[in-house]
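We count ligands from 1, going down the list as the structure has it; atoms in each ligand are counted the same way.
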Amino acid sequence: MNRPIPVEQALGLLQENALTLPSRQVPLSEAAGCRLAEPVISRVTQPPAAVSAMDGFAVRLADVRAPGATLAVIGTAPAGTPFTGLLKPGQAVRIFTGGHLPPGADHIVIQEDAEISGDQVRCLRGYAASEFVRAAGIDFSEGERLLNTGAILTPAALSLVAAANHGHLQVTRRPRVGILANGDELRPPGSELRPGQVINANAAGLSALIASWGGDPVDLGIASDSMASILDHVQSADVDLFVPVGGASVGDHDHMRAAFRESGFEPIFEKIAVKPGKPTWFSRRGAQRVLGLPGNPASAFVCAHLFVRPLLTGHFVLPSLTATLAAPLPANGAREEFLRARVHVSPQGLLLADAAPNQDSSLLKPFLTANGLIRRPAHAPAGMTGAAVPVLLIGQL
Ligand SMILES: Nc1nc2c(c(=O)[nH]1)N[C@H]1C(S)=C(S)[C@@H](COP(=O)(O)OP(=O)(O)OC[C@H]3O[C@@H](n4cnc5c(N)ncnc54)[C@H](O)[C@@H]3O)O[C@H]1N2
Ligand code: MOO
């Protein structure tokens, strides 16, 4: 299994070997960003009854079709305290936004269109149809399935679940993701460097990406270029997914795969026909997985987006937009390519993709402006300015 496999095949194998994690119950206050381990079924109807969308008067539409109707105000219906009496013809109830419509009422006259005098209200306008009434259940109903197993609890999902009257949720534990840098030359950021030494730059960014995708990053430090050192770091780690970085290629100092194999991990794939990131590899041991990234920083970042993100989010299809090339591209080689690019909307409203001029896999600086990856099939012919290309967003538009 040493030949590089296509990107789509790699994604399929990741999906077949997706992480399986235990679930636990958490209060809503701890559920942000977690993944649901069971569907959320609403326990209530929202709104529970027809309610007013405005401050004003609940009336019968039939009473106010013509302007100038004068009605007797028989009570008040603020939000939280429904008026229980029946609204008869010729009557109105003072109502506030969110208040339940009293039985018999089917229309709201907003207070700006009303003149109050004592316990009477005069409606200045006439109305052809019912206004400002929110029907019961326009948002959702009791028993309705609001979210499926696997959904991520986004801020909007959290409020929806709260509105559906769930105080606790069964969620999958966040995957613990161990980032293991490797290389005798590497030192932590902030170090005094001797000649030949390089900063472990990858771990900081990968850790932030992993957290943004719902993982709990665990910094496993830097292993030196020896089997013993890597084994030492692997054996002492309690993680669901290892993300070793570097030592993935064919050099004399690349021991990462062999060390994991020695630890009982079985290879699933060894290389991907992708540029950058050919040495990206994947293996498993029981419930644990390893997604090995190349050490080159751009390769590590791009392949984290392509292959670590699906493992953490459970979405194994790379989301794609269509953009227009802002500048020509040369023909592509034998590996599917993902070019760091700035994706932006032109003043004419066109989504443009502008590839960074230098795509060398050692460069980090292009990621400051690149918010997308232009996806180019293997052997794609040269692309002309104006051509449509698929783009994967990796940042804000
Ligand atoms: N003869 C061949 N040489 C290489 C091949 C090949 O097929 N045949 N593949 C190349 C490709 S493609 C890539 S990508 C790199 C990846 O190699 P490794 O994963 O083994 O990475 P290293 O050798 O450990 O490091 C490469 C480069 O990146 C720097 N690095 C490593 N880790 C970090 C880190 N955590 N932070 C910052 N920089 C890091 C390291 O110092 C090296 O400069 O292999 C090609 N070679
Ligand atoms: O595939 Mo490597 O990541 O080009 O440099």
Side-chain angles (χ1 to χ4, degrees), residues 1-7 10 177-191 193-210 217-227 229-230 233 242-261 267 269-283 290-308 330 332-340 355-356 358-368 370 373-376 378 394:
M1 240 288 213
N2 254 341
R3 285 170 64 82
I5 61 169
V7 169
V177 185
I179 304 164
L180 176 59
N182 162 233
D184 286 347
E185 76 281 25
L186 297 180
R187 289 292 174 273
S191 300
L193 293 181
R194 290 200 310 272
Q197 292 186 330
V198 170
I199 295 297
N200 171 15
N202 290 337
L206 288 174
S207 173
L209 284 176
I210 285 163
V218 180
D219 185 354
L220 299 180
I222 302 170
S224 55
D225 285 326
S226 74
M227 286 280 278
S229 172
I230 299 172
H233 282 77
F242 284 94
V243 177
V245 194
S249 191
V250 294
D252 294 347
H253 304 282
D254 296 334
H255 301 294
M256 200 57 104
R257 299 154 194 272
F260 274 94
R261 204 183 290 224
F269 59 74
E270 298 274 13
K271 283 181 191 145
I272 305 178
V274 65
K275 188 176 171 191
K278 185 174 69 169
T280 301
W281 56 284
F282 186 47
S283 66
V290 185
L291 193 290
L293 295 172
N296 277 326
S299 314
F301 262 70
V302 168
C303 289
H305 279 280
L306 300 182
F307 306 114
V308 176
N332 189 23
R335 290 187 270 165
E336 187 171 344
E337 191 174 21
F338 289 83
L339 297 164
R340 278 74 79 205
N358 189 343
Q359 295 285 332
D360 186 274
S361 57
S362 69
L363 302 181
L364 276 171
K365 223 163 66 180
F367 285 97
L368 286 183
L373 300 171
I374 300 174
R375 186 172 187 177
R376 306 199 74 215
I394 59 169

Cys303, Pro297, Ser362, Ser361: member with heavy atom nearest to atom 5 (O) of ligand 2: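 The residue whose heavy atom sits nearest atom 5 (O) of ligand 2 is Ser361.
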Residue portion contacting ligand 1 (non-hydrogen atoms closer than 4.0 Å) for Met256: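 None of Met256 does.
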Contact partition for Pro294 relative to ligand 1, non-hydrogen atoms under 4.0 Å: both
Full working for salt bridge (charged side-chain N to carboxylate O under 4.0 Å, His left out) between Lys278 and Glu337: CA-CA 10 Å; Lys278 185 174 69 169; Glu337 191 174 21; over 6 Å; no
Can you tell me if [X] contacts ligand 1 (heavy atom of the residue under 4.0 Å from the ligand)?
X	result
Ser361	no
Ile222	no
Pro279	yes
Pro276	no
Gly247	yes

Near [X], which atoms of ligand 1 are under 4.0 Å from a heavy atom of that residue?
X	answer
Lys278	7 (O)
Asp254	20 (O), 23 (O)
Ile199	36 (N), 37 (C)
Ala248	18 (P), 19 (O), 20 (O)
Ser299	14 (S)

Ring geometry between Phe269 and Phe282 (parallel below 30°, tilted from 30 to 60°, perpendicular above 60°):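 Tilted, since the angle between the ring planes falls between 30° and 60°.
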Whether Gly277 lies under 4.0 Å from ligand 2, heavy atom: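 Right, Gly277 reaches ligand 2.
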Lys275 to ligand 2, any heavy atom closer than 4.0 Å: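 Heavy atoms of Lys275 never come under 4.0 Å of ligand 2.
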Proximal atoms of ligand 2 relative to Asn296 (non-hydrogen, under 4.0 Å):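 The list of qualifying atoms is 5 (O).
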Contacting atoms of ligand 2, where contact means under 4.0 angstrom from a heavy atom of Pro276: 1 (O), 3 (O), 4 (O)
Closest protein heavy atom (residue, atom, distance) for atom 3 (O) of ligand 2: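 Scanning the protein heavy atoms, the shortest distance from atom 3 (O) of ligand 2 goes to Ser299 OG, 2.4 Å.
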Residues Arg376 and Glu336 bridged, charged N to O under 4.0 Å: no
